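All of these numbers come straight from a predicted model, not from anything done at the bench. In what follows, every chain begins at residue 1, and chains take the letters A, B, ... in the order their sequences are listed. As a basis for the values below, the full set of heavy atoms in this structure was taken, side chains included, without hydrogen atoms, waters or symmetry mates.
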Protein chains: 2
Amino acid sequence: MNTDNTKSQMRKGMLEYCIMLLLRQQPCYANDIIQKLQDAEMIVMEGTLYPLLSRLKRDGLLGYEWRESTQGPPRKYYVLTDDGQQALAQLDASWEEILRTVNILKMGN
Amino acid sequence: MNTDNTKSQMRKGMLEYCIMLLLRQQPCYANDIIQKLQDAEMIVMEGTLYPLLSRLKRDGLLGYEWRESTQGPPRKYYVLTDDGQQALAQLDASWEEILRTVNILKMGN
DNA sequence: GTTTAGTACCTTGCGATACAAGGTATTCAA
DNA sequence: TTGAATACCTTGTATCGCAAGGTACTAAAC
């Protein structure tokens with residue numbers, strides 16, 4: 001059993017939450033997100049991120065706007081929609097619940 | 001987007017950790033685990049649990065012993081092996097890392 | 001003008017896994 | 001002996017992270 005796979009599994013499902021937390025602060029394009037998550041000690045691959053952003057966009061939780069770059073092609077900056085804000089609030093609640101669960105299990109019920 | 005699905009997504013990958021946390025306290029059989037996790041506000045289905053226990057057993061992280069029941073067929077009580085203890089320690093570290101990540105993202109980096 | 005390097009966005013195929021549904025086996029009481 | 005309760009397990013489906021590969025645009029080098 002390799003630890004990387006386990007850790008990867010634990011990150012599953014957290015990614016969506018983390019990305020929306022990021023976008024709550026400010027609009028970002030893909031490489032922004034990858035970099036900022038890396039700064040927060042979470043790795044996300046391109047092949048993971050793009051489909052995830054597309055899905056959140058399709059579900060109406062994110063919108064985007066094109067912005068020119070000083071060097072290179074234009075960038076797609078994603079923003080939280082109102083629905084996204086509401087969904088994020090629910091994710092906050094879910095996160096708190098998971099925190100409680102783990103704490104209970106650590107205490108030894 | 002329904003909340004249940006969202007919550008389900010966030011639980012993904014946490015299950016393995018939560019089950020091992022449980023078994024760190026005491027040996028349990030399947031229904032024990034389902035009940036105790038439910039007490040800790042986490043839902044797990046039979047069809048999820050049995051394959052997961054089999055996998056952890058196959059990977060050498062869990063062992064089990066049969067115990068007679070006062071009513072009904074014998075039960076398979078799972079226990080953490082030494083390897084399981086070590087793996088759990090790594091999962092503890094991964095969990096701490098996720099905690100840090102979420103806190104950083106919540107602060108607004 | 002053409003080529004090359006860099007940046008950015010996206011898709012495809014694969015493996016892992018949660019879950020619903022269905023199946024088998026054992027025990028005990030009616 | 002039959003039925004209900006308990007316990008263990010398997011199969012099929014959908015979802016998602018990830019590696020690899022592909023397309024498109026920009027700017028600088030030649």
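Atom-to-atom, CG of Leu56(B) to C1' of dC8(D) comes out at 16 Å; the value is rounded to the nearest Å. What separates CE of Met42(B) from C1' of dC19(C) is a distance of 15 Å, to the nearest Å. The CD1 atom of Ile98(A) sits 14 Å away from the C1' atom of dA18(C) (whole-angstrom rounding). Arg55(B) places its CZ atom 12 Å from the C1' atom of dG15(C), with the value rounded to the nearest Å. Protein atom CZ of Arg67(A) is 18 Å distant from nucleotide atom P of dT26(D), rounded to whole Å. When rounded to the nearest whole Å, the span between CG of Leu49(A) and C1' of dA20(D) equals 17 Å. Computed from coordinates, the Arg11(B) CZ to dT17(C) P distance equals 17 Å when rounded to whole Å. Straight-line distance from the CD atom of Gln35(B) to the C1' atom of dT6(D): 14 Å, rounded to whole Å.
Tyr17(B) meets the side-chain hydrogen bond (donor to acceptor under 3.5 Å, both in side chains) test with Lys106(A), Asp92(B); sequence neighbours excluded.
Checked against the 6.0 Å centroid threshold, Tyr64(A) and Tyr77(A) do not count as a close aromatic pair.
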Scoring nucleotides 4-13 of chain C by protein non-hydrogen atoms under 4.0 Å (B base, S sugar-phosphate only, - none) yields --BBSBBB--

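Side-chain proximity of Leu52(A) to the nucleotides dA18(C), dG17(D), dC18(D) is greatest for dG17(D). Listed candidates were dA18(C), dC16(D), dC19(C). Nearest to the side chain of Gln9(B) is dC16(D).
Through direct or relayed side-chain contacts under 4.5 Å between Ile, Leu, Val, Met, Phe, Trp and Tyr, Ile43(B) connects to Met45(B).
Remark: Ile34(B) CD1 to Asp39(B) CG distance equals 12.0 Å, nearest 0.5 Å. Atom CG of residue Leu105(B) and atom CG of residue Leu37(A) lie 6.0 Å apart, to the nearest 0.5 angstrom. Between the CG atom in Asp32(A) and the CG atom in Leu22(A) there is a gap of 8.5 Å [rounded to 0.5 Å].
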